[in-house]
Each structure stands twice: as C-alpha cells, then as structure tokens.
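Just below is one structure, and these are the notes that go with it.
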Amino acid sequence: MERKKAIWGFVFTIPAIVFFLIFDFYPVANAFWMSFFKKDLLSLNPPKFIGFKNYTYLFTSEAFWNSVKATAIFTFGTFVPMVLVSLALAALIITRKRFQKFLQMAYYSPAVLSSVVAAMIWLLMFDPRGLANQFLNYFFNTYGVDYHWLSNENMLRLATIIVYFWKYVGYFTVIFISGMASIPRSIHEAAIVDGASGWQDFRHITLPLLKPTTLLVSVMSMIQCLKTFSTQYLFVQGGAPRGPIDVITLNIYNTAIRDHQIGRASAMSVILFFVIMFFTYLQFRVSRSEEVSY
Amino acid sequence: MKKFFVALSLLLVILSFAAKVELVFWTHEDPNRTPLEEGYIKEFQKMYPNVEIKRVTYPSDKIKEVLLTAFAARKGPDIFNIEIQDEYPYIVNERVAPVNLNALGLKSYNDLKNQYLEGSLDAVTYKGKIYGLPLELTNWCIFINKKYFRDVGLDPEKDYPKTWEDMVRISEKLVIRDGQIIKRRGFDFRYPYYLTFFVPMVEQLGGALFSADGKTAIINDNAWIRVLDFMKQWGPNGKNLGSPTYTAARKEFNKDNNTVVMCESGLYQIDRIRTENPAFYNSNEWMVVPWPVFKNAVRDVKSNYYGHYYMVNAESSKEEQEWAWRFINFMLSHPQDYLVKVGLIQPRKDLIESDVFKNYPYSDVFLEDMEKAHIVPLHPQGPQIEQLIREAVESVMLTNTSSRDALNTLKRKVNDLLKEEQ
C-alpha cells in the first residue's frame, strides 16, 4: 500500500520534474557546456571547443575583476543594512498595537513594483535637478550643490544600493515579522514575569530564537544582491558610467548581447552560479547548527 | 453536380490558404511611421492576397537584443531593420539574404545603385553583393531655439555656432545654473552615440578610428587628446555646460521648456516637434544650422550618418525572400511620403531631385552636411568599440582621469580587441 502511494506520489511530481529539467536544468547544463566553447551568437559556424580558455581569459581580465569588485561592493553594501533595518522595522511594527497591517503593506509595496519601474522612478530623482540633490541641499543646508549621484563613482554605487534597499527592505521586514510571530507568546510572557525589560526580551529571547530567520534573510538577500541586474542596466542606459556598477550580471548581458560571445558569457554565469551555490551551501550548513526548538 | 462544385470550391479555398505566404516584419517603434507602413501593408495585401504581412514593433533600444536572440535561436523574422552598425554583423555572418533583383524588376546591381545616391549602398555591400535597402539615412545638424538666443542678446541668424569653440562660448552665455546644477543647457551632445558625433570631431582634427588597413585603431593621439580635452572642459569638472547624466537634450528641446537651447539631431526631429509640440512647431522659433567644425580643423567632416536598412532573413524560404524583397521595394517606392509624413530621408535620387525634398524645411542644410560626412565606422566589434570610447570620454568628463590616461587605456583596449578578432 505504502509503495503504491509512493509510486503515485512520484507520478504526480513528474510534471514538476519535467518542467524543472527543461526550464532550469537544461539551461544550466547548456551554460556549463557552452562555457568550454568559442561561439559567436550570430555565426552559423559550429562552436569551437577551447577548453578552459574562457575561464583563463576571465581570470586575467581587468573588466571581469572590476565586475567582481562592483558586485561585492553592491552586495555587502546592500545586504548588511537591509538585514539590520528590516529586523529593526519588523521589531517596531510587531510591537505596534494599531496600523500593524497597514505598515506591513506600506513597507512591502515597493517589492510589488517591477524593478524597471523602480529604477526609472529613482533615475528621475537622481537627475541633477531631481529630488535627491534638493534633499541633500536642504539637509546639509547647502545651495545648488550637485552631489553627482549618477556620475561620481561612489555616489553612483550608493544610488544603486538605495534603489535596491528601498525596493526589498519591506519584503524582508515581512519575513522577519512572520519569524517573530512564530515565537510562542508564552516565552515572552515568562520573561516579562521574570522581570525582563522590553529590550532584554528582544535581546535575549527574540534575537536568539530568530536566528534561523535572520540567517534565511541574510542569505536570501545576499543571493538576490548577487543577481542584481535591472537597476544597474537602467542606470547605465540612463547615462551613468558603467564601470562602477558593472556587476557580473550586467557584464554577462553585455558579453552575450553586445559582444555576441556566448561562450564567455556562459563561463561568467557558471562562476556566478558557483558563488551563489557556495552561499546556499553555507546557508544549509549554518542553519542546521542553528535550529531552534520551543 | 452540385456536390462536385461544393467540393471544388472547398478545394480552392484550401489551396488558397495553403499557398498563403506569411511574412513577419520587425521594426522599431516610430509613431509617425506606423500608420504609413500599416497602410502600405494593406495595399500590398490587396494587390497580392496570397501574402500576409505581420508588422511587429519594438522600442528602439530593445529591438537589437530581441532580434539577436531570435536569430541565435534561428527564429528570426523575415524582414527587419536596425541601425547599420548593428546590422553589419548580420551581413558578415551571412544571416541575411542579398537583394533579389528579380523581385525588384531590375537586371543588375548597377541598375539598383543608379536609383540611389552614390555610396549610399556601400554600407550593405559585402563581397560584391548588396544586402539591404535603406529605410533612412540620418545625419545630425544643430537645432536652435531662437527665442532663448534673443533673450541673451544673440541674433540666432548670425550668431549661431559655426565652430566647436563658438559652441562653448555661446553655451556659456546661454547656460543657467542654480549653483552647480544646470537648469538650462545651451547645448548638449547626444550621449552615448560616440561613433556618430565624437569620432568625426576627432577626424576634423586629423585623427581617425582605424588605420587605412583596418589593423590598428586610434590614429593620431594628438587629435584624440584635443577632443578629449574639449569634452573634459564641457563636462561638470570643467565649464559645467552639460553631462551624460542629464535628460537627453533632443527630448527636452521639443518641449520648449527653457531647459535646453540647442541639440543635435536628424531631420526626423522636425516631425517629432510637430507631433509632440505643435505650438512650438508653428511658432517659427526654431531653426536648423550646420554641424560645427573645430576652428583649426584640418578636415571639414560633419557628423557621421547612420542608416536603417531593410534586410531579409537568409533562412526564410526562397519564396518568402522573394516576396519580402517585393514588399520592401513597394514600401520604399514612396520616398516622398516617408519624408513628408515621417521626416526620413531615403537616399534615392528621385527624392533628392524632387521639389518635395527641396521645399522641405532645412533639407538643404542636412543634405549639404551629409555630402561632407561619411557613414559611421562599420566593424563586427563596432558596439564594443563604441562602449570603450564611451568609457574614455565619460572618464574624462565625470572623473579626474587625464585625457592622456584615458586615451592610453582606450588605445590598449581597442587594439587588444582588434587582435582578438584577427
């Protein structure tokens, strides 16, 4: 009977497996395969096998290392504040007696917006005559200073970080809220009965019990940041210099679509794949040791 | 008998459907061109009921990638057009079919060339065959809002910029800033089309992008450095007259909203002004003047022109190719409509010699400049080279990189690219 159930269980998963094989596994396997070839996207000539040359080229390429640097700065610059702020916001929202749902919705709403639309809105704000300069001039009490949001290397990086932070902070806040809500109320009540203050309750009860969620959020946000594309793409289209924000995904896009070098772009995708895989593995490893039970 | 006729008519219907040729035609969005070409499709389909044409438009910055991925998957459309520098790799990789002379009712390529201005088919001529027919050839001149010239005491008819040095001087008079932030630009370049405007500026001073044999890039350092210095002076770290990070000048120009006084654009801009801002179009407050040259120019070269050429997929069936060329020929046999209704110049002799062209506003200015210009440099690595030039120009404009350092980097990267290609 059990065996029959298992067989039927497997049968029902077949469509999902087929879907995965065609739309996920095949492109990944194909990218691995293509990364050993030299192939012009437009050429009808068969791809030429070149072994690891695409990889050796990339590891000696100035542009690739610049992309690694741009990706690393963006990722660490975004995910650290994102985790901290979303945690703080979640703690703030969950303690509100009124407007809790409204605040969750308000913070979450940018995540619903398409990345392209979000980048376009922010591009307008970062225009030299836009709101970003006006705000900083008001804040620093300066007159007519152009803070070069889209041209200065560091400001440009900060601008892309702000867009991403704004878009996803609400999303991770909601995940933190659900993590906090899953901590049994009785534990908090016991701590309060024992005389713990609000801060002590948060510091010694909420935070330790929230570790799996914190880990999940940090790894998810890190992976998401590593895959960032549309913000940087649209900023470059909007006139910003590419170098400081030439993240790996943007480099992959340009190598494939502009340069037609699909083999080299595949090699870059494979490298990014392994980087993401490493962090996913890290998540599994650490989350196993950080499991909590109530 | 009745049954026989029913069966026969059914068979005829089936055969007529079976024989139907369906052509897929991809082009970029152009609100003025769409009704015109939709009309031609209807007319053509009426003339040839066995042909069905499906016209699909994409935004001009999207069509390149959609087309590339379609061709990479061998699912490209039967007919398409993009800018010639992006079409060139399709020719070199033999992904497009040569012009079918039979479909055009011509006997030789010479007959075809005779219909067009000299050299206008050179860009699509490869190994002795012609691979495209021009939808438009576009060069840029300077559009001026006369009102703002007068506001600062300049007479637009006399004081318009003839040299790039004039452009700086006049822009300094016209610019309005709020501290460092520019509220009104006198003029601004058309970033990031560096092959179209930056390279000819270098050529005016005696430089070139490629050597005569095409094996070396960035010729005459001195000319390149002088133009890079000019751009540095133009940018926010110099005289702060413009920057790639401001909204495109040609878009602001049409609004007549005191944010830009001059821009560089093609003849089609006139039609865009008419569509977007009829009051400004009819105000007689705008004019077009030739593209400037440097004061000490050694070559009188104007902005490069670029073109959109209609091409046919080499993997379409022979029958589809023939009908595709017939349809393209049908569309392009209305050059006056394209000029009057869309503002596009098709380099056909019959158009250039016509009264319609001669009477079209500022067509003479564009034509005179075009005669001194040449097509954008065509190279399989053209888009990469343009990106490298962009990096060099923007590094001097937006950072503290010196022109010499930017040039050295540019030279090394472009020549590495050429070596890799060889």
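Within every chain, numbering begins at 1; the chains are lettered A, B, ... in the order of the sequence lines, protein sequences first and strands thereafter.
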| Taking A/Leu150, A/Asp127, A/Leu44 one by one, which has the highest count of heavy-atom pairs under 4.5 Å against chain B? | A/Leu44
| field | Engaged part of B/Arg177 at the chain A interface, taking heavy atoms whose separation is under 4.5 Å | value | neither
| field | Contacting moiety of A/Gln134, where chain B heavy atoms sit under 4.5 Å | value | neither
| said: For A/Asn137, which atoms come within 4.5 Å of any heavy atom of chain B: side chain, backbone, both, or neither? | reply: side chain
| message | Is the ring pair A/Tyr147/A/Phe140 parallel, tilted or perpendicular, if the boundaries are 30 and 60 degrees? | response | tilted
| Does any heavy atom of chain B fall under 4.5 Å from the side chain of A/Asp259, the backbone, both, or neither of them? | both
| task | Give, as side chain, backbone, both or neither, the part of B/Ser243 having an atom under 4.5 angstrom from any heavy atom of chain A. | result | neither
| In terms of ring plane angle, is the pair B/Trp234 and B/Phe187 parallel, tilted or perpendicular, where the classes change at 30° and 60°? | perpendicular
| field | Option in A/Ser151, A/Pro128, A/Gly239, A/Gly238 with maximal non-hydrogen atom pairs under 4.5 Å from chain B | value | A/Pro128
| note | Whatever's closer than 4.5 Å to a heavy atom in chain A on B/Glu65 counts as both
| note | Whatever's closer than 4.5 Å to a heavy atom in chain A on B/Pro192 counts as neither
| query | Near B/Lys183 NZ, under 6.0 Å, is it more than 12 heavy atoms from other residues, nucleotides or ligands? | reply | yes
| task | Select one option (side chain, backbone, both, neither) describing which atoms of B/Gln384 are under 4.5 Å from chain A's heavy atoms. | result | both
| query | Around A/Phe59, counting heavy atoms of other residues, nucleotides and ligands shown, do more than 12 lie under 6.0 Å from its CZ? | reply | yes
| message | Counting heavy-atom pairs closer than 4.5 Å to chain B, which one of A/Asn45, A/Leu42, A/Leu41 comes out on top? | response | A/Leu42
| Part of B/Tyr246 lying under 4.5 Å from any heavy atom of chain A | both
